[in-house]
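Right, one structure below, let's go through it.
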Amino acid sequence: MRSFAFPLLALCALCASPQASDRVQGERWSYTSPTGVEEYCVALGRVPGGHYRDADGAAEQALCAMDFYASDIALCPKLRSTSPGTFVYLIDGDKFAGKQAEFERQVCPRGELVPAEARGAPVSFKVTMNEQDTSATFSTAALLYYHFSRYFDASIAVPVAVYRSMDRSVHAERVTGRGLEWTEGHKSLKMIHAAWQDLATVEKDPQRYPATSELFTADFKQIYGVMLHIHGKRFGAEINGTRESGWGVGQNEDFQQTAPYLALRSELPVLEAIPAGLEQASRNPQLHKAMPTAPPVAQMLYWMQGLSEITLLDFIFSQQDRIGNIDYETIWRWVEDGEIHQGDSPPDTASGAQQFRRIRLNDNDAGGRTRYANYTRKTGMLEKIRHYNPAIYQRLMALHTDFEKQGERYAWLRDSFGLTERQLKGIVSNTGDAAAILRSTCEAGNMRFDLDPDAYLKGAGPSPGKVDCATGL
């Protein structure tokens, strides 16, 4: 069943303090659990002026079409990493077609990401969990990163994310209880076992979770989070940094010593900054081993643009766990009829197609909360950047202006995500600070607007031109 632009409105009268909630707005689907609880999937309304592709809409539709109770859908508790997520599998192969219960009993305990008995990689259903002995996870962050990346028309890939709720009692029995059982007694699974333990405790008594409405619907009958399709491989030190200085500030400083980031920091013109960044990074043995040969210029330009986008988004959302969590997918890019096209493989008609490692931000769940440590801010990443894409800069300035005037994008942010007033103010304030930092660099004459990998791929050289520091126009 589906309807449109329907807010999931409810009061949270029992919450001790305001928290993010299930009050989201957008196109919704509804499902009924075995106990008669009505669950929802919501594709949030789109940001005004956003750059969405047809594939985004198709992905939203596919995610929200997944009925957890259909015989060809299986739910497996995550038995790896650190957060208590759920893998949602499509099972229509010969052995387990229509045998949901058998798949969950026999295949799920193995903890494989892509079992042969399922059709491809799973969809991830992630919920919020921020207890002291668990890793930081805020499900709303994935929604923020998805939609804001489309507003900025980012070159990096950020997965489509939709809101999803589920009957609390069914989730506790079918997922949480099994996750707790299958991780018990395994030393390597200590943190995720603690996460399942905490989730089991609060699912029995939601009032034991401090930020109740970040995890449960207002009537406490459902748990909620996000669904997204994660794929790709993890970058090594060449993008994620060496991480030799430890977690927190240290690894964020290490990240800024990678070749693409050093090139972003260089005062030289962009095509001179690239070899300078590569040479400086190669002095570190770990970075030299990770990137023994210089990548093509176009690849470096896309990585530089990607890192500039990551630092902007992470600054706006106070991301505290980015380093070590940057992935990639292998794609082809080519020029046809004067336009850039990309895909998993080049068409036969394309000439000069090049293969790239495109940055993917799959793991975006440690942002959006005001209590998270904003390491992009703490380590001055934006202040150090000397090369920027003029279109991204212009969109940032326009977003800041809209937020100041409480315009249509401000209203969209306020009404769509179920954010608290404090979280809303935090995002608005961070956006203003990011705009001020980059504008200050521009006004000082230290910003070169010569970062345009698409133009380079088309055969055009960098053309910085003049940019109005206040508007980006």
Side-chain angles (χ1 to χ4, degrees), residues 17-21 44 47 82-83 126-132 134-152 154 156 158 161 210-211 213-215 225-226 240-241 247-256 261 306-326 361-385 392 395-396 399-400 403-404 409-410 412-414 416-438:
S17 60
Q19 298 131 12
S21 71
L44 269 61
V47 56
T82 56
S83 59
K126 304 182 82 170
V127 299
T128 296
M129 177 53 62
N130 289 290
E131 292 288 62
Q132 290 186 352
T134 68
S135 63
T137 305
F138 182 48
S139 64
T140 305
L143 297 169
L144 290 166
Y145 273 87
Y146 163 43
H147 288 282
F148 272 72
S149 70
R150 273 39 173 195
Y151 168 74
F152 286 111
I156 57 175
V158 178
S213 65
E214 289 184 0
L215 181 57
V226 293
N240 278 305
W247 197 84
V249 169
Q251 68 178 12
N252 280 271
E253 295 285 3
D254 295 338
F255 167 71
Q256 296 172 58
Y261 203 93
L307 294 191
S308 72
E309 294 164 354
I310 290 172
T311 53
L312 177 58
L313 291 168
D314 285 353
F315 186 100
I316 290 173
F317 299 128
S318 299
Q319 174 65 236
Q320 75 171 18
D321 193 22
R322 172 62 60 213
I323 311 306
N325 292 316
I326 303 176
L361 285 194
N362 288 316
D363 195 343
N364 300 311
D365 54 14
R369 295 179 99 231
T370 54
R371 293 185 179 182
Y372 287 156
N374 189 337
Y375 284 112
T376 306
R377 182 190 288 273
K378 283 178 177 289
T379 57
M381 290 190 195
L382 295 188
E383 288 87 342
K384 298 168 187 172
I385 291 177
I392 298 287
R395 292 186 185 106
L396 172 62
L399 184 64
H400 168 52
F403 282 177
E404 276 195 319
R409 296 183 186 99
Y410 176 90
W412 164 82
L413 177 64
R414 179 195 62 208
S416 298
F417 294 87
L419 298 171
T420 67
E421 185 176 350
R422 184 177 179 183
Q423 289 163 349
L424 173 64
K425 287 182 177 179
I427 292 170
V428 170
S429 177
N430 285 348
T431 301
D433 290 346
I437 290 168
L438 297 178

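- Considering only heavy atoms from C-beta on, V158 comes within 4.5 Å of R150 through its side chain.
- Each of T128, D365, N364 was evaluated against S139; a single residue qualifies, T128, per the side-chain hydrogen bond (donor to acceptor under 3.5 Å, both in side chains) test.
- With rounding to the nearest 0.5 angstrom, the CG atom of L143 is 9.5 Å from the CG atom of L419.
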Exercise. When you look at D321 and Y372, which way does the side-chain contact (heavy atoms from CB on, under 4.5 Å) test go after all the steps?
Worked result: CA-CA 9 Å; D321 193 22; Y372 287 156; over 6 Å; no
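- For Y375, there are no side-chain hydrogen bond (donor to acceptor under 3.5 Å, both in side chains) partners, not counting sequence neighbours.
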Problem set entry | Test log, rule side-chain contact (heavy atoms from CB on, under 4.5 Å), inputs F315 and I437 | CA-CA 11 Å; F315 186 100; I437 290 168; 3.8 Å; yes
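- Applying the side-chain hydrogen bond (donor to acceptor under 3.5 Å, both in side chains) criterion to E131, with sequence neighbours excluded, gives no partner residue.
- Nearest heavy atoms, A366 versus A136: CB-O, 4.0 Å.
- Between R322 and D363, the shortest heavy-atom contact is NH1-O, 2.8 Å.
- With rounding to the nearest 0.5 angstrom, the CG atom of L399 is 6.5 Å from the CD1 atom of I316.
- Looking at E309 and I392, their side chains come closer than 4.5 Å, going by heavy atoms from C-beta outward.
- Using modelled atom types, one finds no donor on one side chain facing an acceptor on the other under 3.5 Å when comparing Y145 with N362.
- Between W412 and F148, the ring planes lie tilted relative to each other; the angle falls in the 30° to 60° range.
- In plain terms, the two heavy atoms of T137 and V127 that are nearest each other are CG2-O, 3.2 Å.
- With sequence neighbours excluded, no residue satisfies side-chain hydrogen bond (donor to acceptor under 3.5 Å, both in side chains) with T431.
- The two residues A161 and A142 make their nearest non-hydrogen contact at CB-O, 3.7 Å.
- The two residues W247 and Q320 make their nearest non-hydrogen contact at CZ2-O, 3.6 Å.
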